[in-house]
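Down below is the structure, laid out as structure tokens.
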Amino acid sequence: MSFPFYIASRYLLSKKSHHAINIISGVSVCGVAIATAALVCILSVFNGFQDMVAGLFTAFDPELKVVPAEGKFMPADAKELEDLRRMERVAVYTETLEDNALLMINNRQTMVTIKGVEDNFKELTDIDAILFGDGVFDLHADVIDYGILGGNLLLQLGLPADFSSAIQVYAPRKGERINLADPRESLNQDELYSPKVGFMVKQNKYDSNYVITNIGFARRLFEKQGYVSAAELRMEDGTDLNAAKRKIQRLLGEKYRVLDRYEQQEDAFKIMKIEKLISYIFLTFILMIACFNIVGSLSMLIIDKKQDAITLRNLGATDKQISSIFMIEGRMICLLGAVIGIVFGLTMCVLQQEFGLIRFGNSEGSYIVDAYPVSVHALDIALIFATVVVVGFLSVWYPVRHLSKKYTKNNI
């Protein structure tokens with residue numbers, strides 16, 4: 001144990017001659033601890049929301065999705081996609097075709113996204129988990145094409161999940177101008193019936209805009225025979241998705257993009273990341289203010305220990321060693337506050353996870369979750385600790401160096 005560290009630890013733990021110094025030191029530790037705990041809790045709540053949203057998407061979005069790097073469609077029989085279909089550890093390969101269309105029924109109309117999928121779509125995602133109604137997930141039967149609508153879309157059209165009338169679906173014909181006298185003459189038209197189920201992802205993007213049907217219907221409607229807009233994949237259990245994504249990208253080349261679930265919802269997660277970053281920066285400024293309280297505590301300590309500094313110098317201690325004593329004292333206060341804050345923040349996160357202390361409202365079921373979701377990430381804890389250490393050490397370096405010289409060297 002070095003000499004300055006030994007003296008600093010004694011100063012930190014011993015009772016000062018002026019009781020106010022102990023109080024101010026305690027306030028300094030508490031200030032750093034509270035700011036640190038706030039960082040832990042706030043960042044963990046953002047993680048919780050992000051994980052919650054990702055969990056909602058998993059019932060609809062595939063593990064990996066291959067899309068063209070340019071344009072909306074790609075040939076279904078491309079050699080790269082055929083190689084991908086036969087690739088090791090690909091458990092389910094599903095072709096999908098998406099584009100916009102117009103729905104009309106009972107004098108109501110709305111623009112939607114038609115998503116045509118293959119029959120093995122049920123094997124790709126846990127679609128049954130988001131279905132409601134008395135029917136089953138069917139895409140077609142003989143010559144009938146089924147359409148499964150999002151819950152909010154059914155409400156917009158004033159339909160139950162088991163609507164009996166056919167929905168008219170319209171899409172522009174390829175390369176044909178709209179006939180203003182009779183626009184329907186310039187549109188492809190087809191019909192969809194209900195398999196007596198709808199779906200509810202609890203995300204407006206899907207629930208208000210998407211219709212799931214078979215890919216044959218979508219190809220006829222959009223005149224895209226032999227084309228797909230994406231190839232959706234489910235890998236075998238235990239597969240490292242990040243490694244699989246990199247391997248597939250190397251196989252396909254630059255003409256294709258391989259997206260994981262987060263990249264498929266890039267806009268939503270980008271907004272959440274920006275909000276998390278802004279919260280981190282804002283709380284770091286509060287932490288800086290809390291760390292400057294340490295300067296006040298150390299100033300009073302330096303004044304209180306002037307005679308000790310003179311005695312230590314007479315015993316052979318250098319100015320650098322005396323200055324280091326108070327520098328280490330400030331850093332120890334900062335570290336103590338960081339450790340207490342992280343422990344307290346983690347404790348609050350665990351209590352929130354187990355008991356849902358902070359809730360959205362008094363009535364259960366009004367929201368997707370009843371209490372604020374929390375997810376603690378080790379990388380965030382490491383970042384918070386590093387932030388507290390850097391901010392704390394920098395905030396005490398110059399003031400302590402200046403004050404220790406002013407109140408010790410000039411008073412010999």
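Values below: every heavy atom of this structure, side chains too, minus hydrogens, waters and symmetry copies.
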If you count heavy atoms of other groups shown closer than 6.0 angstrom to [atom1] of [X], is the number above 12?
| X | atom1 | value |
| --- | --- | --- |
| Tyr256 | OH | yes |
| Tyr280 | OH | yes |
| Arg257 | CZ | no |
| Glu254 | CD | no |
| Tyr262 | OH | yes |
| Phe132 | CZ | yes |

Does a side-chain heavy-atom distance below 4.5 Å link [X] with [Y]?
| X | Y | result |
| --- | --- | --- |
| Val136 | Pro195 | no |
| Leu139 | Phe217 | no |
| Val376 | Val350 | no |
| Leu259 | Leu64 | no |
| Lys205 | Gln265 | yes |
| Val40 | Phe344 | no |
| Tyr210 | Val112 | no |
| Val32 | Val388 | yes |

So which atom in [X] and which in [Y] form the shortest heavy-atom distance, rounded to 0.1 Å?
| X | Y | result |
| --- | --- | --- |
| Cys41 | Met348 | SG-CB, 4.0 Å |
| Ala230 | Val67 | CB-CG1, 3.9 Å |
| Ile215 | Glu118 | CG2-CG, 4.3 Å |
| Gly116 | Ala218 | CA-CB, 3.9 Å |
| Gly392 | Cys291 | CA-SG, 3.7 Å |
| Arg89 | Gly238 | NH2-C, 4.0 Å |

To the closest 0.5 Å, what do you measure between [atom1] ([X]) and [atom2] ([Y])?
| X | Y | atom1 | atom2 | result |
| --- | --- | --- | --- | --- |
| Leu379 | Ile384 | CG | CD1 | 10.0 Å |
| Met74 | Leu81 | CE | CG | 5.0 Å |
| Gln50 | Phe269 | CD | CZ | 5.5 Å |
| Met200 | Leu131 | CE | CG | 11.5 Å |
| Ile274 | Phe46 | CD1 | CZ | 11.5 Å |
| Leu277 | Leu43 | CG | CG | 10.0 Å |

Just do the side chain to side chain contact (heavy atoms under 4.5 Å, CB included) check on Leu124 and Asn120 with the steps written out, would you?
CA-CA 7 Å; Leu124 181 78; Asn120 64 348; over 6 Å; no

Backbone of [Y] reached by a side-chain donor or acceptor of [X] within 3.5 Å:
| X | Y | result |
| --- | --- | --- |
| Ser375 | Asn47 | no |
| Gln168 | Gln189 | no |
| Arg234 | Thr125 | no |
| Glu232 | Pro62 | no |
| Thr36 | Ala338 | no |
| Ser194 | Lys196 | yes |
| Arg85 | Val92 | no |
| Gln264 | Asp260 | yes |

Give the C-alpha distance, both sets of side-chain angles, the deciding distance and a yes or no for side chain to side chain contact (heavy atoms under 4.5 Å, CB included) between Asp51 and His377.
CA-CA 11 Å; Asp51 292 348; His377 292 181; 3.7 Å; yes

By the salt bridge (Lys or Arg N to Asp or Glu O under 4.0 Å) test, which pairs, at least two apart or in different chains, include something from residues 99-112?
Lys72-Asp99

Residue pairs fulfilling salt bridge (Lys or Arg N to Asp or Glu O under 4.0 Å) with at least one residue in residues 269-279, sequence neighbours excluded
Glu266-Lys270, Lys276-Asp380

Please test Thr213 against Leu221 for side chain to side chain contact (heavy atoms under 4.5 Å, CB included), starting from the C-alpha separation and ending with a verdict.
CA-CA 11 Å; Thr213 185; Leu221 183 69; over 6 Å; no

So is Lys224 actually on top of Phe222's ring, under 6.0 Å and inside 45° of the axis?
no

What verdict does the side chain to side chain contact (heavy atoms under 4.5 Å, CB included) test give for Ile358 and Gln352, after you've listed the backbone C-alpha separation in whole Å, the side-chain angles of each residue and the deciding distance to 0.1 Å?
CA-CA 7 Å; Ile358 304 176; Gln352 178 67 16; 3.8 Å; yes

Give a yes-or-no answer on whether the side chains of Tyr193 and Asp138 include a donor-acceptor pair shorter than 3.5 Å.
no

Show me the side-chain donor-acceptor pairs of residues 141-167 shorter than 3.5 Å, one per line, residues at least two apart or across chains.
unit_1: Asp145; atom_1: OD1; unit_2: Asn214; atom_2: ND2; d: 3.0
unit_1: Asp145; atom_1: OD2; unit_2: Arg220; atom_2: NH2; d: 2.7
unit_1: Asn152; atom_1: ND2; unit_2: Ser208; atom_2: OG; d: 3.4

